[in-house]
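Report on the following structure.
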Protein chains: 2
Amino acid sequence: MNPTAGRSRDPSRGRERATRILDAAEDLLLRHGARRVTVEDVAVGANIGKGTVYLHWETREKLFAAVFDRAVARAMSELLVAMRTRPSTCLPHQFAHDYFLAVMHRPLLRGLLLADPELLGRLARQHDPAWDERHHLVSERYFRLLAEYGVLRAELGADEVAYAFQATFEGFVRAEGELTRSESAAPPAAAQPAATTLERRADLLARTVELAFEDSRPVTTDDLRSLAADVVDLFTDLVDRRGFADLVDLVDRAELGAPAAS
Amino acid sequence: MNPTAGRSRDPSRGRERATRILDAAEDLLLRHGARRVTVEDVAVGANIGKGTVYLHWETREKLFAAVFDRAVARAMSELLVAMRTRPSTCLPHQFAHDYFLAVMHRPLLRGLLLADPELLGRLARQHDPAWDERHHLVSERYFRLLAEYGVLRAELGADEVAYAFQATFEGFVRAEGELTRSESAAPPAAAQPAATTLERRADLLARTVELAFEDSRPVTTDDLRSLAADVVDLFTDLVDRRGFADLVDLVDRAELGAPAAS
DNA sequence: TTTTGACCGGATTTGAAATCTGGTCATACG
DNA sequence: CGTATGACCAGATTTCAAATCCGGTCAAAA
């Protein structure tokens, strides 16, 4: 059907195709949920053969994970841009605020984190230990950095703040899920949940983080700039390695041929 | 089989029997999970006939809910005792600390809140709207009280604090679940989660709540005593109405006969 | 009047056949 | 020569009916 089938001349072709697959998958995922989306659906949606999908991801699950990863990477990139523009974004309270909103504005992430069980199926349960480990490592380094720059309350260990921050953040995220769940079950015009707008709830989270974990003494502008640069590096590393690792790998393999194969 | 079958003379008999049923149910629930426990199992465990169970609760689900309620009521009672002994327990950070521990020390509540899906089945999903409403109401009043006594940060509305407190508390509870889950999946001797003991984690929660929500100016001893009394009243009301409402109702009906019936 | 357990019907489980779909690979194509 | 494809396979999932189970009732016993 596709007249341009066969070997492609353009080296960026594979990458472009990969994103097209991801786009198709994301769209279908969002509309029908992981359970109802087949690899063939995705292939059709991307105007390619089913087998081609497997030239990019070795597994359906990994394809879906890549969709998720891309969304995370995009949210992260958004934050990184913000961090470069406004260094204070790297402070925990700003970070929590912006990350919270970045996640909540993405239907895919929102759906996954609120664990709408239908939307992404067992993908939510897909606890990739490698990701957890990396996430843990980055979080650890982030808070260690903050501690070194004197941003954190001195009486708390960086690892303790990391733990408490994580718990608090997740608490606000889950509360968000509770909201959407109860608002869909339309209560009899009562129980308006206090913090009415998403913005307000993000503010509440930010305040909580700031007051609970940050030292009240402000950081100097220079320190802040330097810290922001460090944090940007740290997270850039995370995004690069995680967000597109598989994709890049496979695109390279597809475009350049397997280097070490016989 | 029971030689004392038939009409009982002792009016406290029904109540005693009800607790025996609850005990049996709790034991079985804890050991086998809601899915595997039948009403007959409970009846056998309590040495009574199956039909008798239905003299106390009109439904299996309500029986199980009563088990849960009793556990909550006991945790609450524990807190109420503490509050009378040490009025500062009614301050949000102390309250969070103690309630957190009270819950985590009860396998039934721990299991339910950590949503071990096997342990209590759909009971976890059993969102009794009446309970939610009451819970919401009590929480609202509690924080309003705190605000009136000047315990809360002045710049935050009582309802906002209620929201944020709930989110934070649940975040720490869920983090606890994450811990037990990952420790059972024995990671390769790495990733020790910073806050090593339950106590420490409770402290972390308490600190977070105190710094984020409470005014830094201490309350006078008199005010604190008065506040504690009010809070005790408020929660006593909750426990009385909720914890044993059904049970008391039915025991009364069983012991005294339906008062308004023909 | 209280307690009981046999009994009923809907809900759940079981098991086997039918269907679907993730993943492979021989082939077509440039 | 290497890429793209879709027919194909096996295992997973779904279907559907029969068998079983169990929540809840109620006539009878104590």
Side-chain angles (χ1 to χ4, degrees), chain A residues 1-18 20-21 25 28 32 34-65 121-123 250-259 261-262, chain B residues 1-18 20-21 25 28 32 34-65 121-123 250-259 261-262:
Chain A
M1 182 179 278
N2 185 356
T4 58
R7 166 159 142 226
S8 73
R9 214 161 282 274
D10 182 355
S12 78
R13 181 69 181 280
R15 177 141 216 154
E16 186 268 337
R17 182 161 286 183
R20 204 140 43 85
I21 296 175
L28 290 168
H32 307 298
R35 173 133 302 178
R36 301 181 196 287
V37 177
T38 73
V39 174
E40 194 144 21
D41 291 340
V42 174
V44 169
N47 282 314
I48 57 172
K50 181 164 77 146
T52 307
V53 172
Y54 288 94
L55 296 180
H56 292 268
W57 292 275
E58 45 191 53
T59 252
R60 180 181 113 115
E61 300 258 309
K62 288 189 178 170
L63 166 61
F64 287 175
R122 62 204 329 160
L123 185 54
L250 281 154
V251 166
D252 286 354
R253 224 194 289 159
E255 287 306 319
L256 312 174
S262 68
Chain B
M1 184 180 275
N2 185 354
T4 58
R7 166 160 140 222
S8 75
R9 213 161 286 273
D10 182 354
S12 78
R13 182 68 182 281
R15 176 141 216 152
E16 185 268 337
R17 182 163 286 184
R20 203 140 43 84
I21 296 174
L28 290 169
H32 306 299
R35 172 132 304 176
R36 301 181 197 286
V37 177
T38 74
V39 174
E40 194 144 18
D41 291 340
V42 174
V44 169
N47 282 314
I48 57 173
K50 181 165 75 144
T52 307
V53 172
Y54 288 94
L55 295 179
H56 292 268
W57 292 275
E58 45 190 52
T59 255
R60 180 183 113 116
E61 300 257 309
K62 288 190 177 170
L63 165 61
F64 287 175
R122 62 204 328 159
L123 184 55
L250 281 154
V251 166
D252 285 354
R253 225 195 290 160
E255 288 304 320
L256 312 174
S262 69

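In what follows, chains are A, B, ... by sequence order, proteins preceding strands, each numbered from 1. Just the heavy atoms: all of them, side chains too, but no hydrogens, waters or symmetry mates, feed the values below.
To the nearest angstrom, P of D/dT3 lies 12 Å from CZ of A/R17. One atom, CZ of B/R35, and another, P of D/dG23, lie 12 Å apart when rounded to the nearest Å. Rounded to whole angstrom, the span from the CD atom of A/E40 across to the C1' atom of C/dT19 amounts to 15 Å. Whole-Å rounding puts the B/W57 CH2 to D/dG24 C1' distance at 16 Å. For the pair A/N47 CG and D/dT3 P, the interatomic distance rounds to 21 Å; values are reported in whole Å. For A/R36 and C/dG22, the CZ to P distance is 14 Å, given to the nearest whole Å. The CD1-P distance, from B/I48 to D/dA30, rounds to 19 Å in whole Å. Rounded to an integer number of Å, the gap from B/E58 CD to D/dT25 P is 9 Å.
The side chain of B/T38 has D/dC22 as its nearest neighbour among C/dG22, D/dC22, D/dT5. In this structure, of C/dG22, D/dA4, C/dT3, it is C/dG22 that holds the atom nearest to the side chain of A/Y54. The side chain of A/K50 has C/dG23 as its nearest neighbour among C/dG23, C/dT3, D/dG24. Of the candidate nucleotides C/dT4, C/dG22, D/dG23, D/dG23 has the atom lying nearest to any side-chain atom of B/R60.
At a threshold of 4.0 angstrom between heavy atoms, the contacts of A/T52 include nucleobase atoms, whether or not backbone atoms are also involved.
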Using the side chain to side chain contact (heavy atoms under 4.5 Å, CB included) rule, take B/V53 and B/E40 through it: C-alpha gap first, then chi angles, then the decisive distance, then the call. CA-CA 9 Å; B/V53 172; B/E40 194 144 18; over 6 Å; no
Start with the C-alpha gap between A/V39 and A/Y54, add the side-chain angles, then the distance that decides, and say whether side chain to side chain contact (heavy atoms under 4.5 Å, CB included) holds. CA-CA 9 Å; A/V39 174; A/Y54 288 94; 3.4 Å; yes
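Of the possible polar contacts, one joining the B/T38 side chain to the B/D41 backbone as a donor-acceptor pair under 3.5 Å is found.
B/L55 contributes atom CG, which lies 8.5 Å from atom CD1 of B/I21 (distance to the nearest 0.5 angstrom).
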